[in-house]
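A, B, ... follow the sequence lines: proteins, then strands. Residue 1 opens every chain.
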There are 2 protein chains.
Amino acid sequence: MDTLSQTFSALADPTRRAILARLAIGAATVGELAEPFDMSLPAVSRHLRVLTDAGLIERHTEAQWRRCELRAEGLRAAADWIEEYRRFWEQQFDRLEAYLKRTAPQPKGKSDGRKRRS
Amino acid sequence: MDTLSQTFSALADPTRRAILARLAIGAATVGELAEPFDMSLPAVSRHLRVLTDAGLIERHTEAQWRRCELRAEGLRAAADWIEEYRRFWEQQFDRLEAYLKRTAPQPKGKSDGRKRRS
DNA sequence: TCCATATTTAACATACTTGTTAAATACAAA
DNA sequence: TTTGTATTTAACAAGTATGTTAAATATGGA
């Protein structure tokens, strides 16, 4: 699977996003990561494998623990991809703004033409 | 499925990303969108449904055609989510930079201390 | 009305995902 | 070496995704 697909696919699961959010606070072991979830340890372990394969986390063995840490760098390509589309939605916003400006009641009387609250 | 999962899931397929890229150029019919792919029309039609459900495209009926157009606004939440992690990878970059600065050969002789090409 | 064009829906096959439980593995400490 | 703790792998079930072909639907025009 291509890298981008793998990244987006890894992010398409709420458990995995929650794990990443937890790791943004700091490194943690598998057990610690699993604790908040109503899910077996093997299930969490598999989510961690998906995140590892996607390059979003790193695991180092420490005695019988695996310390997981965020590797947000793995998000960069996905961020860049989405970023390409930002101008489209911002353009959309500009169009809406322009429309509202056109259709808003015109200032009347001795107006200075400045914006005012609706 | 939650919105974010739906968005990332929709983006996790190269055909769908290619369709979005095509639509960034301009609106197109289903047939036009399908043309570059070695895939049946029903398969493309289903990809378009996934994109529609994720709010990434819009379809208007025009006679017997369905004109599809990009709705990049649907990417905003995903962009925001990823953005939260940007500081982590940029921090990482800063750390690398600091490391390189520490380990780089010190300027010697009558140096002005300015950066130079490696 | 009848036909051609554009697209979707139905029915199906295959593969992937994700969860479960039970067993295996790895290490630390008694 | 035996035991306890942490984690992964194996085997399985259920649900979801994605592609196929054939049939259905919708519209415009002869």
Side-chain angles (χ1 to χ4, degrees), chain A residues 1-23 26-71 78, chain B residues 1-23 26-71 78:
Chain A
M1 191 168 38
D2 63 290
T3 311
L4 221 38
S5 297
Q6 204 171 5
T7 305
F8 283 130
S9 185
L11 297 179
D13 180 287
T15 301
R16 288 194 289 263
R17 290 197 305 275
I19 288 172
L20 293 178
R22 164 63 189 79
L23 291 177
T29 66
V30 176
E32 285 164 356
L33 289 172
E35 202 272 317
F37 299 106
D38 185 21
M39 188 184 294
S40 69
L41 218 34
V44 172
S45 179
R46 195 122 98 231
H47 281 304
L48 292 174
R49 158 156 295 284
V50 173
L51 290 169
T52 305
D53 290 349
L56 293 171
I57 67 174
E58 254 176 28
R59 291 190 276 186
H60 329 83
T61 298
E62 273 176 32
Q64 69 267 58
W65 295 275
R66 308 294 182 289
R67 184 150 298 271
C68 305
E69 65 176 54
L70 188 61
R71 210 184 136 271
Chain B
M1 192 167 38
D2 64 291
T3 311
L4 221 37
S5 297
Q6 204 171 5
T7 306
F8 283 131
S9 184
L11 298 180
D13 181 286
T15 301
R16 288 194 289 264
R17 290 196 306 277
I19 289 172
L20 293 178
R22 164 65 187 79
L23 290 176
T29 66
V30 176
E32 285 164 356
L33 289 172
E35 202 272 318
F37 300 105
D38 184 22
M39 188 184 295
S40 69
L41 219 34
V44 172
S45 179
R46 195 126 93 228
H47 281 304
L48 292 173
R49 159 156 293 283
V50 172
L51 289 170
T52 305
D53 290 348
L56 293 171
I57 66 173
E58 254 177 27
R59 291 191 276 187
H60 327 84
T61 298
E62 272 175 32
Q64 68 267 59
W65 295 276
R66 309 291 183 287
R67 183 149 300 270
C68 304
E69 65 178 54
L70 188 60
R71 210 184 136 272

* **Start and end of the DNA chain C segment that chain A contacts, any atom under 4.0 Å from a heavy atom** => C/dT18 to C/dA28
* **Sequence neighbours excluded, every pair satisfying salt bridge (charged side-chain N to carboxylate O under 4.0 Å, His left out) that has a member inside residues 47-59 of chain A** => A/R49-A/D53, A/E58-A/R71
* What distance do B/L33 atom CG and B/C68 atom SG have between them, rounded to the nearest 0.5 Å? -> 5.0 Å
* To do: Please identify each residue that fulfils side-chain contact (heavy atoms from CB on, under 4.5 Å) with B/A43, with sequence neighbours left out.
  => B/M39, B/S40
* Pairwise salt bridge (charged side-chain N to carboxylate O under 4.0 Å, His left out) hits with a residue in residues 28-47 of chain B, at least two apart -> none
* To do: Round to the nearest Å and state the distance from B/L51 atom CG to D/dA17 atom P.
  => 13 Å
* **Reference residue B/L70; test side-chain contact (heavy atoms from CB on, under 4.5 Å); the match among B/L20, B/L51, B/L56** => B/L20
* Mind checking salt bridge (Lys or Arg N to Asp or Glu O under 4.0 Å) for B/E69 and listing every partner two or more places apart, or none if nothing turns up? => none
* To do: May I ask you to list the residues of residues 27-34 of chain B, by number, that have any heavy atom positioned under 4.0 Å from an atom of DNA chain C?
  => B/T29, B/V30, B/G31
* Once you round it to whole Å, what is the distance between C1' of D/dT18 and CZ of B/R49? -> 15 Å
* Specify the residues of residues 9-18 of chain A, ordered by number, for which at least one heavy atom lies under 4.0 angstrom from an atom of DNA chain D. => none
* Structure fact -> Scanning both residues in full, the closest heavy-atom pair of A/L23 with A/A28 reads CD2-N, 3.9 Å
* Structure fact -> Residues B/V44 and B/A34: closest non-hydrogen pair is CG2-CB, 3.8 Å
* Asked: Considering all heavy atoms of both residues, which atom of A/F37 and which atom of A/A18 are nearest to each other, and what is their separation?
  -> CZ-CB, 3.7 Å
* Asked: In residues 56-67 of chain B, what residues come within less than 4.0 Å of DNA chain D, judged by heavy atoms?
  -> B/A63, B/Q64
* **side chain to side chain donor-acceptor pair (under 3.5 Å) partners of A/R16, counting only residues at least two apart** => A/H47
* Can a side chain N or O of B/H47 be found less than 4.0 Å away from OP1 or OP2 on D/dA17? -> no
* Can you name the side chain to side chain donor-acceptor pair (under 3.5 Å) partners of B/D2, sequence neighbours left out? -> A/R17, B/S5
* To do: Using five base pairs at each end, measure the axis-to-axis angle across the helix from C/dT1-D/dA30 to C/dA30-D/dT1 and round it to 10 degrees.
  => 0°
* Asked: Taking all atoms of both residues into account, what is the closest heavy-atom pair of B/F8 and A/L11, and its distance?
  -> CD1-O, 3.4 Å
* To do: Kindly state which residues belonging to residues 36-45 of chain B come within less than 4.0 angstrom of DNA chain C, counting heavy atoms of the residue only, listed by number.
  => B/L41, B/P42, B/S45
